[in-house]
Amino acid sequence: MLKEAVYHRPKNNYAYAYDEKTIHIRLRTKKRDVSEVLLIHGDPYDWEGGHWQVYRKPMEKSGSDELFDYWFVALQPPYRRLRYSFLLQNGNEQTVYTEKGFYETAPLDDTAYHFCFPFLNSKDVFKAPAWVKETIWYQIFPERFANGEPALDPEGTLPWGREAPTPTNFFGGDFQGVMDHLDHLEDLGVNGIYFTPIFKAYSNHKYDTIDYMEIDPQFGDKETFHKLVQECHKRGIRVMLDAVFNHSGYYFEPFQDVLENGTDSEYAQWFHLREEKVVTEPIPNYDTFAFVPSMPKLNTENQEVKDYLLKVARYWVEEFDIDGWRLDVANEVDHAFWREFRQTVKEVKPDAYILGEIWHDSMPWLQGDQFDAVMNYPFTNAVIDFFAKKKISLEQFKNQLTHVQNMYPVAINEVAFNLLGSHDTPRVLTYADEDKQRAKLMYLFQLSYGGTPCIYYGDEIGMTGGEDPGCRKCMIWEREDQDRELFSFIQQLIRLRKREPAFGNDGLFSFADLKENILAYEKKSDEQSLLFIMNLTSDEVSVGEATDSRVLDKDENSFANEEGFTLSPSGYFIIERS
């Protein structure tokens with residue numbers, strides 16, 4: 001038994017309070033090195049006759065990646081206190097893993113040997129907004145969704161969709177255009193809208209903010225936005241805005257003053273200046289987003305900057321009743337600012353959703369004092385690499401997804417923002433080389449996984465487009481040019497997610513092994529057990545499974561008989577097991 005590979009820490013994703021009664025414990029061991037793990041546990045103050053009263057509870061192997069097995073157990077300590085260690089077994093070999101190291105038998109004469117969960121304080125329980133677990137998001141890039149009020153068009157606006165998008169052209173999308181098409185969103189079944197930035201800015205993408213307290217005039221005014229939020233809420237659709245607090249735009253008034261006055265500007269401490277006078281080219285002599293001169297990095301440690309940005313955070317929630325903030329380049333802003341940001345937003349609206357844009361392991365931001373969730377790009381990358389790019393094998397895909405599942409506590413996974421494409425990436429169908437059947441399997445996996453899924457505008461009707469700016473085409477509204485069959489497919493998946501108890505967050509996910517090149521996974525809830533089977537080959541494949549189960553859904557070319565299930569190329573079955 002390789003002891004060096006055994007890992008646990010009594011914090012973060014390895015030991016945490018799931019709710020006010022339940023503690024989750026995880027352990028990591030070398031792959032296939034341990035056959036059984038028992039959690040030895042007890043209340044540190046529960047002694048009788050000089051003996052500590054302990055109990056043993058089996059841990060479940062919850063998954064494996066390339067190097068490790070992961071073990072999981074949930075328990076409810078009667079007095080909310082816990083000391084614990086792990087009994088690892090493999091055949092005749094066994095060892096006890098404690099906070100102080102490894103022992104042949106459990107040292108029960110002193111609780112100090114054992115890992116400690118001192119007390120389950122309700123204040124420390126991670127509590128993301130409950131509604132997010134039931135939300136299917138729809139991302140809208142406002143400039144390209146619909147032009148409902150041409151009178152607002154910026155100078156030089158092009159006819160809708162007649163030309164390819166570029167980093168600088170405009171097509172006139174606005175809030176009225178969104179309101180004109182809320183029926184489309186409601187028909188699809190989504191119940192959350194994530195808007196990329198709507199505040200006054202120079203560019204078409206609006207990530208270079210000029211004024212955080214004003215709507216960009218090409219989208220409408222505050223009255224129109226207020227009406228938009230109200231119309232969404234009437235339909236049960238939540239609204240999340242994009243906040244760019246890492247950096248401002250070039251034409252942000254304080255930065256314009258700094259350009260003119262350098263370190264003599266009253267706003268000099270709002271930014272990160274390295275010299276007396278500002279130089280923008282060829283490389284800026286001040287901190288920016290990447291090396292983009294028009295996006296100077298804000299100094300969020302400065303009190304005036306903090307006061308201004310926290311005022312912004314409060315204002316749009318308080319005045320317009322928005323339901324969440326998506327935070328751009330969130331990992332480059334100091335943690336202290338995000339703690340104050342969370343406190344400010346939650347004071348106004350306790351169930352507001354705070355989502356960080358972070359592309360890597362984000363545990364430092366997910367301690368319950370900053371974000372509710374992050375954009376789950378590790379999930380995105382695994383799905384794209386496996387289904388679309390075919391860069392990784394089925395085994396590698398399982399390994400990567402298992403790693404993703406064990407990166408964070410369960411409560412965080414339940415509200416993780418699971419996307420396939422966005423304004424920063426090629427579209428799903430383009431990733432899949434326009435193989436619609438492959439794209440369908442990607443949507444099936446996304447919408448039957450846990451977390452809160454997001455669909456990028458136009459993907460539901462088969463729009464294509466490569467990297468930015470290709471992924472930012474005008475939405476196609478001519479029904480004859482939309483892929484209505486794909487729309488109906490995604491619509492049906494959303495219905496299943498809402499209707500079937502195990503389909504979404506209530507179902508515990510686990511991979512199943514059925515046959516080579518067949519992706520199979522189970523979703524189990526207290527009420528239901530579902531089996532998902534996907535054929536990843538270009539050949540027809542048969543799988544022997546009990547056929548007395550109910551088929552919830554399948555592709556039109558797959559069929560079942562007394563011998564099992566026959567899947568067409570890139571076909572699938574969703575089966576409710578008896």
Side-chain angles (χ1 to χ4, degrees), residues 1-64 67-127 363 367-368 405-412 508 510 524 526:
M1 196 177 299
L2 190 64
K3 295 177 181 178
E4 296 94 321
V6 178
Y7 181 76
H8 173 80
R9 64 171 304 176
K11 194 64 177 171
N12 297 341
N13 52 323
Y14 280 89
Y16 57 89
Y18 176 69
D19 57 33
E20 294 183 0
K21 295 181 179 180
T22 310
I23 294 173
H24 286 178
I25 305 288
R26 284 184 177 137
L27 178 73
R28 193 183 75 188
T29 63
K30 182 179 181 293
K31 191 170 186 175
R32 291 188 288 271
D33 194 44
V34 175
S35 59
E36 185 180 11
V37 179
L38 297 176
L39 185 78
I40 301 170
H41 64 96
D43 186 291
Y45 303 108
D46 185 8
W47 291 73
E48 290 185 14
H51 298 284
W52 182 35
Q53 302 302 296
V54 297
Y55 307 89
R56 287 169 169 79
K57 185 169 185 177
M59 297 187 74
E60 175 190 358
K61 186 159 77 170
S62 57
S64 304
L67 299 175
F68 302 108
D69 289 331
Y70 296 90
W71 303 83
F72 174 85
V73 69
L75 67 164
Q76 295 185 343
Y79 302 103
R80 295 188 284 172
R81 305 177 297 244
L82 194 66
R83 284 277 185 168
Y84 60 95
S85 53
F86 304 91
L87 174 60
L88 287 71
Q89 297 177 310
N90 192 357
N92 294 325
E93 185 181 2
Q94 76 170 39
T95 188
V96 176
Y97 175 43
T98 76
E99 187 171 86
K100 296 185 182 298
F102 294 89
Y103 296 86
E104 289 185 10
T105 58
L108 302 179
D109 58 323
D110 186 350
T111 59
Y113 284 96
H114 303 267
F115 292 102
C116 182
F117 199 105
F119 196 83
L120 198 170
N121 293 287
S122 60
K123 187 75 173 177
D124 294 331
V125 177
F126 180 90
K127 294 176 182 175
M363 198 66 238
Q367 308 282 340
Q405 286 178 276
N406 286 277
M407 283 172 67
Y408 308 123
V410 171
I412 291 173
L508 293 177
S510 62
K524 292 182 179 180
D526 292 340

ask   = Is it true that a side-chain atom of Asn12 and a backbone atom of Tyr14 form a donor plus acceptor pair closer than 3.5 Å?
value =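 Here the side-chain-to-backbone pair does not exist.
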
request  = Determine the minimum heavy-atom distance between Trp71 and Ser62, stating which atoms define it.
outcome  =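 Heavy atoms of Trp71 and Ser62 come nearest at N-OG, 4.2 Å.
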
ask   = Do Ile25 and Phe86 pass the side chain to side chain contact (heavy atoms under 4.5 Å, CB included) test, and can you show the C-alpha distance, the side-chain angles, and the key distance before you say yes or no?
value = CA-CA 10 Å; Ile25 305 288; Phe86 304 91; 3.7 Å; yes

query = Can you check whether Tyr113 and Tyr103 have ring centres sitting under 6.0 Å from each other?
reply = yes

request  = Indicate the atoms forming the closest heavy-atom contact of Val73 with Pro58, along with that distance.
outcome  =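 Minimum heavy-atom contact is CG2-O, 3.7 Å.
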
query = Does a sphere of radius 6.0 Å around CZ in Phe102 hold more than 12 heavy atoms from other residues, nucleotides or ligands, not counting ones at 6.0 Å or beyond?
reply =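 Result for CZ/Phe102: enclosed.
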
query = If you look at every heavy atom in His51 and Gln53, which pair is closest and at what distance?
reply =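 His51 and Gln53 have their closest heavy atoms at O-NE2, 3.0 Å.
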
query = When rounded to the nearest 0.5 angstrom, what distance separates CG in Leu120 from CD1 in Ile23?
reply = 4.5 Å

ask   = Under 3.5 Å, side chain of Lys61 to main-chain N/O of Ser35, donor-acceptor pair present?
value =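 Looks like no, no N/O pair under 3.5 Å.
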
Distance-only donor-acceptor check, side chains Tyr16 and His24, under 3.5 Å = yes

ask   = Crowded around Lys127 NZ? As in, over 12 foreign heavy atoms under 6.0 Å?
value =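 Buried by this count: over 12 neighbours within 6.0 Å.
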
key: Distance, nearest 0.5 Å, that separates CG of Asp43 from CZ of Arg83   = 11.0 Å

ask   = Closest approach of Tyr408 and Arg26, non-hydrogen atoms and distance?
value = O-NH1, 2.9 Å

query = Below 4.5 Å, heavy atoms only, C-beta onward: do Leu27 and Val6 meet side chain to side chain?
reply = yes

key: Proximity of Tyr84 and His114 rings by center, below 6.0 Å   = no

query = How close do Tyr7 and Arg9 get, heavy atom to heavy atom, and via which atoms?
reply =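 Heavy atoms only, the tightest pair is OH-CD, 3.3 Å.
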
ask   = Does the pair Asp69 and Val37 meet the rule for a side chain to side chain contact (heavy atoms under 4.5 Å, CB included), with working shown?
value = CA-CA 11 Å; Asp69 289 331; Val37 179; over 6 Å; no

inquiry  = Using 0.5 Å steps for rounding, measure from the CG atom of Leu39 to the OG atom of Ser85.
reply    = 7.0 Å

inquiry  = Let me confirm one number: the NZ-CZ distance from Lys30 to Phe68, rounded to the nearest 0.5 Å.
reply    = 10.0 Å

remark   = In short, Pro44 meets Arg81 closest at the heavy-atom pair CD-CB, 3.9 Å

note = Interatomic distance, CG@Asn90 vs CE@Met1, rounded to 0.5 Å, equals 5.5 Å

query = How about Tyr79: does its OH atom have over 12 heavy atoms from other parts shown lying under 6.0 Å from it?
reply = no

key: NZ (Lys11) with more than 12 external heavy atoms under 6.0 Å   = no

query = Counting only heavy atoms not in Asp109, do more than 12 sit closer than 6.0 Å to its CG atom?
reply =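 Buried by this count: over 12 neighbours within 6.0 Å.
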
request  = Please check if the distance between the ring centroids of Tyr97 and His8 is under 6.0 Å.
outcome  = no

task = Would you indicate whether the side-chain heavy atoms of Val410 and Gln405 approach each other to under 4.5 Å?
result =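 The answer is no; the side chains never approach within 4.5 Å.
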
message = Rounded to the nearest 0.5 Å, what separates atom CG in Asn121 from atom CD in Glu20?
response =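 The CG atom of Asn121 sits 10.5 Å away from the CD atom of Glu20.
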
query = Would Lys31 and Leu67 satisfy side chain to side chain contact (heavy atoms under 4.5 Å, CB included), going step by step from the backbone distance to the final call?
reply = CA-CA 5 Å; Lys31 191 170 186 175; Leu67 299 175; 5.8 Å; no

query = Between Leu108, Leu87, Leu88, which is the residue that forms a side-chain contact (heavy atoms from CB on, under 4.5 Å) with Val96?
reply =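 That would be Leu87.
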
